[in-house]
Colleague: 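A single structure is presented below for examination.
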2 protein chains.
Amino acid sequence: MPGRWGKGPASWWHGEFKGCGYRITIPRQIILKVLEESSGHLSAEDIYLKVYKIYPAIGLATVYRTLEILVNMGLVSKFDFGDGRARYELIQDIKEPVHHHHLVCTNCGRIIDYTDFLEEEIELIKKIEKKLSAKYNFEIKNHTIQFNGLCDKCSNK
Amino acid sequence: MPGRWGKGPASWWHGEFKGCGYRITIPRQIILKVLEESSGHLSAEDIYLKVYKIYPAIGLATVYRTLEILVNMGLVSKFDFGDGRARYELIQDIKEPVHHHHLVCTNCGRIIDYTDFLEEEIELIKKIEKKLSAKYNFEIKNHTIQFNGLCDKCSNK
DNA sequence: TATAATAATGAGAATGATTATCAATAGTAA
DNA sequence: TTACTATTGATAATCATTCTCATTATTATA
Ligand SMILES: [Mn+2]
Ligand SMILES: [Mn+2]
Ligand SMILES: [Zn+2]
Ligand SMILES: [Zn+2]
């Protein structure tokens, strides 16, 4: 995640975090660190276990509390892929999010990220958002697009 | 839901149901009836309560079991809108599903169905599915598209 | 730096949706 | 009708997530 750190000790998110009245704590720093260094789709417990290795005093409730804040601040996306637990992933770049969509295998649960949209896809989404905003007077903040089916391994049984 | 019933007593779904080795039972008939007569986004408990009025002997576990079958058969869609309980809705027409997408208010939880896609939207989805299938060797069965934001009431505070 | 105010924490209990268990019942084919 | 067994309802068990609360850590301030 290049370009996010200044020269000082403060991380890219410290400013926004403090601006919202939140304190910079050890648990929060480590949770963010783990999110930064992991590839996506981690469950709260996944994150807890990774933090635990660095900081065994961590509590699971703190992980949940921190994730809730991050989701509300728009720094983390929360997904439900149907396996009974929520999944979290850091939004890579706040200014210009590297948005991506998901392919979810309904058999083995594998999740494939794809970002190589057709140019049209991006255009169309903007157009649809505009149309829906107008028609339903709805202020659209973000969207989720997911294709479900069978991955290569599962469709070849 | 016109055009689904023959002249006999059997409902449109009886054939497919039996074909899968499932028995036609009173609880299942009433659950389907409730799904047919309700507008979408019902939780398992919503369904349980509606069935209960007609058939008080119903058990909640039976509702869950039946819904699981219906989802697996592709007769019912299951969604998670982030309020901690799954939502179910009958797919209106199996042959030519009246597919729709959702606008979800992140403040009050209101859900708006929209089906009035731009013609381009439908075309593009087909194109994307084809591209993704080829690239990831993924057999796409269905998709979910959801826009999140604030509904008119909530954005006017 | 020391202090006060209070946000944040971790442990553990509580919640609540969903699933599993099991003996009794009902649907089906013969 | 009978025999077979899928299905059921009650209820216990699971398990992710949230809540409670006494303790601790962070921050602004003096
Ligand atoms: Mn992803
Ligand atoms: Mn709907
Ligand atoms: Zn798979
Ligand atoms: Zn709303």
Side-chain angles (χ1 to χ4, degrees), chain A residues 9-11 13-32 34 41-73 76 78-88 109, chain B residues 9-11 13-32 34 41-73 76 78-88 109:
Chain A
S11 294
W13 53 273
H14 285 196
E16 190 169 356
F17 223 71
K18 285 191 174 179
C20 292
Y22 297 119
R23 294 179 177 176
I24 309 296
T25 68
I26 308 287
R28 288 174 177 171
Q29 285 174 303
I30 298 178
I31 290 168
L32 261 297
V34 161
H41 316 137
L42 298 175
S43 68
E45 196 186 0
D46 292 336
I47 295 165
Y48 169 80
L49 291 173
K50 284 173 183 288
V51 173
Y52 183 89
K53 288 183 186 168
I54 306 172
Y55 184 74
I58 189 69
L60 183 54
T62 298
V63 173
Y64 276 105
R65 284 185 290 236
T66 302
L67 288 170
E68 186 183 13
I69 290 172
L70 294 171
V71 169
N72 287 337
M73 289 179 67
V76 162
K78 179 180 182 181
F79 294 101
D80 171 73
F81 296 121
D83 65 343
R85 65 192 63 191
R87 303 275 166 178
Y88 301 85
Chain B
S11 295
W13 52 274
H14 286 194
E16 190 168 356
F17 222 71
K18 286 191 172 179
C20 291
Y22 296 119
R23 294 179 178 177
I24 309 296
T25 67
I26 307 288
R28 288 174 178 171
Q29 286 174 303
I30 298 177
I31 290 168
L32 260 298
V34 161
H41 317 137
L42 297 175
S43 68
E45 195 185 1
D46 290 338
I47 295 165
Y48 169 80
L49 290 172
K50 285 174 183 287
V51 172
Y52 183 88
K53 287 183 186 167
I54 306 173
Y55 183 73
I58 189 69
L60 182 55
T62 298
V63 173
Y64 276 105
R65 283 185 290 237
T66 302
L67 288 170
E68 187 184 12
I69 290 172
L70 294 171
V71 169
N72 287 338
M73 290 179 66
V76 162
K78 179 179 182 180
F79 294 100
D80 171 72
F81 295 121
D83 65 344
R85 64 193 65 192
R87 303 275 166 179
Y88 301 86

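Throughout, protein chains are lettered first and strands after them, A, B, ... in sequence-line order, and every chain is numbered starting at 1. Bear in mind the structure is a predicted one, so any value in this text is a computation, not a measurement.
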Colleague: Looking at every strand, decide which applies to B:Tyr48 at a 4.0 Å heavy-atom threshold: base, sugar-phosphate, or nothing.
Modeller: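 Here B:Tyr48 touches no strand at all.
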Colleague: Check the distance between C:dA17's C1' and B:Leu42's CG and give it to me in whole angstrom.
Modeller: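 It is 16 Å, rounded to the nearest whole Å.
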Colleague: Please state how far atom CD1 in A:Ile31 lies from atom C1' in C:dG10, giving the value in whole angstrom units.
Modeller: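 About 12 Å, once rounded to whole Å.
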Colleague: Nearest to the B:Tyr22 side chain among D:dG9, C:dA11, D:dT7, which nucleotide is it?
Modeller: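 Shortest atom-to-atom distance from the side chain points to D:dT7.
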Colleague: Quickly, which of B:Thr66, B:Val63, B:Ile47 forms a side chain to side chain contact (heavy atoms under 4.5 Å, CB included) with B:Ile58? Name it, please.
Modeller: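 Between B:Ile58 and the candidates, side chain to side chain contact (heavy atoms under 4.5 Å, CB included) is satisfied uniquely by B:Val63.
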Colleague: Counting only side-chain heavy atoms from C-beta out, which of C:dG10, D:dG9, D:dT17 sits nearest to A:Leu60?
Modeller: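 From the listed options, D:dT17 comes nearest.
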Colleague: Side chain of B:Thr62, heavy atoms from C-beta onward: which of D:dA16, D:dT8, C:dA7 has the nearest atom to it?
Modeller: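 Shortest atom-to-atom distance from the side chain points to D:dT8.
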Colleague: Atom CD1 of A:Ile24 to atom P of C:dT6: distance rounded to whole Å?
Modeller: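 To the nearest whole Å, that distance equals 20 Å.
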Colleague: Indicate yes or no: at least one non-hydrogen side-chain atom of A:Glu45 is less than 4.5 angstrom from one of A:Tyr64.
Modeller: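 Not in contact.
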Colleague: Using whole Å, what does the distance between atom C1' of nucleotide D:dT17 and atom CD1 of A:Ile69 come to?
Modeller: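 It is 16 Å, rounded to the nearest whole Å.
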Colleague: What's the closest nucleotide to the B:Pro27 side chain, out of C:dA8, D:dG9, C:dG12?
Modeller: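 Nearest to the side chain of B:Pro27 among the choices is D:dG9.
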Colleague: Go through the N and O atoms of the side chain of B:Arg65 and the base of D:dG9, and report whether any donor-acceptor pair is under 3.5 Å.
Modeller: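 Yes, a donor-acceptor pair under 3.5 Å.
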Colleague: May I have the distance from B:Glu68 (atom CD) to C:dA17 (atom P), rounded to whole angstrom?
Modeller: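 My rounded result for the distance is 18 Å.
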Colleague: Side-chain N or O of A:Thr25 less than 4.0 angstrom from OP1 or OP2 on C:dA7?
Modeller: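 No.
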Colleague: Any side-chain heavy-atom pair from A:Tyr22 and A:Arg28 closer than 4.5 angstrom?
Modeller: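 Touching, per the 4.5 Å side-chain cut-off.
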Colleague: Take the protein atom CG of A:Leu67 and the nucleotide atom P of D:dA16, then report the distance between them rounded to whole Å.
Modeller: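 The distance from CG of A:Leu67 to P of D:dA16 comes to 15 Å, rounded to the nearest Å.
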Colleague: From C-beta outward on B:Tyr64, which listed nucleotide comes closest to its side chain: D:dT7, C:dT18, D:dG9?
Modeller: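 Comparing D:dT7, C:dT18, D:dG9 against the side chain of B:Tyr64, the answer is C:dT18.
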Colleague: Please state how far atom CG in B:Asp83 lies from atom C1' in C:dA17, giving the value in whole angstrom units.
Modeller: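 These atoms are roughly 11 Å apart.
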Colleague: How would you label the contact of A:Arg85 with the nucleic acid (heavy atoms, under 4.0 Å): base, sugar-phosphate, or nothing?
Modeller: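 Sugar-phosphate contact only.
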Colleague: Measure the shortest side-chain to side-chain distance between B:Tyr88 and B:Asp46 over non-hydrogen atoms and say whether it is less than 4.5 angstrom.
Modeller: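 Side-chain contact under 4.5 Å: no.
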Colleague: What integer distance in Å separates B:Leu70:CG from D:dT7:P?
Modeller: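 Taking CG of B:Leu70 and P of D:dT7, I get 12 Å after rounding.
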Colleague: Indicate yes or no: at least one non-hydrogen side-chain atom of A:Val34 is less than 4.5 angstrom from one of A:Tyr48.
Modeller: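 A:Val34 does not reach A:Tyr48 side chain to side chain.
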Colleague: If you check the A:Ala44 side chain, which of D:dT17, C:dT28, C:dA20 turns out closest?
Modeller: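 In terms of side-chain proximity for A:Ala44, the closest of D:dT17, C:dT28, C:dA20 is D:dT17.
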Colleague: Between B:Arg28 and D:dT7, is there a contact of a side-chain N or O with OP1 or OP2 at under 4.0 Å?
Modeller: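 Checking B:Arg28 against D:dT7: at least one side-chain N or O falls below 4.0 Å of OP1 or OP2.
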